[in-house]
Amino acid sequence: MTKNKTLRKLVGASCLSLAAMSVVNLAYADTWRYAHEEYDGDVQDVYAHKFKEYVEENSDHNVQVFRFGELGESDDIMEQTQAGILQFVNQSPGFTGSLIPEAQIFFIPYLMPTDMETVITFFRESQAINENFPKLYAEQGLELLKMYPEGEMVVTADEPITSPEEFSNKKIRVMTNPLLSATYEAFGAVPTPLPWGEVYGALQTNMIDGQENPIFWIESGGLYEVSPNLIFTGHGWFTTAMMANQDFFNGLSEEEQQLVRDAADYAFEEIIEHIDGLADEALAKITEASDKVTVTRLDEKQIEAFRERSPQVEERFIEMTGDSGQQLLDQFKADLEAVQ
Ligand code: 6CS
C-alpha cells in the first residue's frame, strides 16, 4: 500500500468513527419539553431556565421551556405531562387540589410562618415536603422533583380590608381548589374560583372584587392597576411544585436521573436567592407606578380575627383527605415545629 492510500484509509476510518459517534450522540441528545404557569422573568420562569442551564451544561440534552399561555392553562399543561407530551411541568398546588387533594394543605391559613428564612428551612428539611409528597404525586404518575416557595400571599381588593366583617359579600378570586374556597368562606368572603387567564379581566369588569397572590405577581401581572388595595394578612405562602412524567423519568438511565435531580436542586438554590428581596422590590415598583395603591398591614389583633377561623379550614381539609391528609398534616406540623 502506498503512503497516500494508507493515509486515505486512516482518514476514511476516522470519518466513519466520527460519524458513528455523532449518531450515538444524536441518539442520546434529546429535547425535553418543560411547561410552567408564569411569564418571562417570573419566579417559575427563572427556575425553569436555571434547570435548563444545568441540564444543557452537564449533558447533551436540551430543555425547551414553554411559558403561560403557550400550551394553555395550568390544568392543560398538567394533562399534557400526564399524557407524556411534556416531560416536565411546574404546577402549583393551588391547581393540583382536584388531582391530589392533600396538596391543598398549603391553603390552611396561618399554618406557615411568615418569616422567609424559616419558610426556606422548612422546605429544605421537611419530611412532609421531601418524603410524603413525592409518594402522593407518584400515585398520579408524577415524579415530584421540587416544591418551593414563591412569596408571601397578599390580598388585593377594591377597598382596604381589615376584618372578616369587611370581607362580607366581597367576591374574591381563588385558584381552583375547594380548600382555598373554604378559607375565603371562613374569612367571611364569597370565594370565586377562576383559572389565571381570567383574573385580570374579571377584576377590570368588577365581576370579582379581589384576589390573592404574591407581590411579584401582583406587579408583573399588573393586578394593582385593577385591584389597587394591597392587604398583608400574613395567612400563607404561594408554593409551587416542579415534577416529571414518571414513565419518562423511570426510563432514564441512573446518571440521567441524577442529572435531573441535581438540576432541580441547582435551580432551587438559585430561586432562593432570586426571591430574597423580590417582594420589597416589586412593592416599590407598584407604589412608584400608581398613586391609587394603598398598603394595609394587619396588626396582631386584626390578624387574630382571621387566624381564629383557621381550625374550621383544617377540619375541612381532614374531611376532604381522610387519614392520609391527617398523617400529612401531623408530619407538616412536626416539621414546622422542628424549624421554628
Ligand atoms: O394566581 C395564579 O393563578 C398564578 N399565580 C402565580 C404566582 N403563579 C401562577 C399562577 O397561575
Side-chain angles (χ1 to χ4, degrees), residues 34-49 65-81 86 88-99 103-104 106-107 112 116 119 123 146-157 171-181 183-184 189 191-204 207-227 230-233 235-243 267 271-272 274-275 278-279 281-283 285-286:
Y34 177 140
H36 66 75
E37 304 169 317
E38 298 183 350
Y39 303 105
D40 189 0
D42 288 329
V43 176
Q44 290 182 24
D45 195 50
V46 172
Y47 187 98
H49 281 89
V65 177
F66 297 93
R67 298 187 172 114
F68 176 81
E70 292 176 25
L71 298 175
E73 281 281 357
S74 185
D75 285 349
D76 301 315
I77 55 177
M78 175 55 93
E79 269 178 32
Q80 290 160 27
T81 306
L86 296 172
F88 298 97
V89 70
N90 196 135
Q91 190 189 54
S92 305
F95 295 107
T96 317
S98 51
L99 197 63
Q104 300 177 104
F106 297 101
F107 302 100
M112 296 285 281
M116 181 161 147
V119 170
F123 275 88
K146 200 58 81 185
M147 279 184 156
Y148 60 95
E150 293 196 34
E152 192 186 329
M153 282 294 200
V154 175
V155 178
T156 70
K171 289 198 235 67
I172 304 294
R173 177 268 176 168
V174 291
M175 288 178 282
T176 53
N177 81 75
L179 197 75
L180 193 48
S181 287
T183 291
Y184 275 87
T192 311
L194 284 178
W196 166 249
E198 292 172 36
V199 180
Y200 190 98
L203 286 167
Q204 198 172 31
M207 277 173 61
I208 51 172
D209 305 305
Q211 61 87 44
E212 61 160 29
N213 252 308
I215 289 282
F216 86 86
W217 187 253
I218 293 169
E219 192 273 322
S220 89
L223 293 175
Y224 64 93
E225 298 160 357
V226 284
S227 191
L230 276 49
I231 305 128
F232 286 72
T233 48
H235 70 278
W237 276 70
F238 188 100
T239 296
T240 197
M242 187 274 198
M243 66 213 80
I271 223 62
I272 294 312
H274 178 77
I275 63 170
L278 184 64
E281 281 165 34
L283 184 57
K285 282 189 201 163
I286 290 174

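Indexing begins at 1, ligand by ligand and atom by atom, following the structure's order.
- Nearest to atom 11 (O) of ligand 1 among the protein's heavy atoms is F95 CE1, 3.4 Å.
- Residue-to-ligand polar distances place E38 within reach of ligand 1: an N/O pair is separated by less than 3.5 Å.
- Using a 3.5 Å distance cut-off with no hydrogens or angles, the side chains of S92 and E37 do pair a donor with an acceptor.
- Partner of Q104 under the side chain to side chain contact (heavy atoms under 4.5 Å, CB included) criterion, out of L179, L180, T183: L179 alone.
- For atom 5 (N) of ligand 1, the nearest non-hydrogen atom of the protein is N213 OD1, 2.9 Å.
- If you number the atoms of ligand 1 from 1 as listed, the ones under 4.0 Å from a heavy atom of E37 come out as 9 (C).
- Partner of E150 under the side chain to side chain contact (heavy atoms under 4.5 Å, CB included) criterion, out of T240, N213, L278, I271: T240 alone.
- F106 and F123 have parallel rings, their planes meeting at less than 30° on a 0 to 90° scale where 60° marks the start of perpendicular.
- Near R173, meaning under 4.0 Å from any of its heavy atoms, are these atoms of ligand 1: 1 (O), 2 (C), 3 (O).
- Between E212 and ligand 1, not a single N/O pair is under 3.5 Å apart.
- The aromatic rings of W217 and Y39 sit parallel to each other, their planes meeting at less than 30°, with 60° as the upper class boundary.
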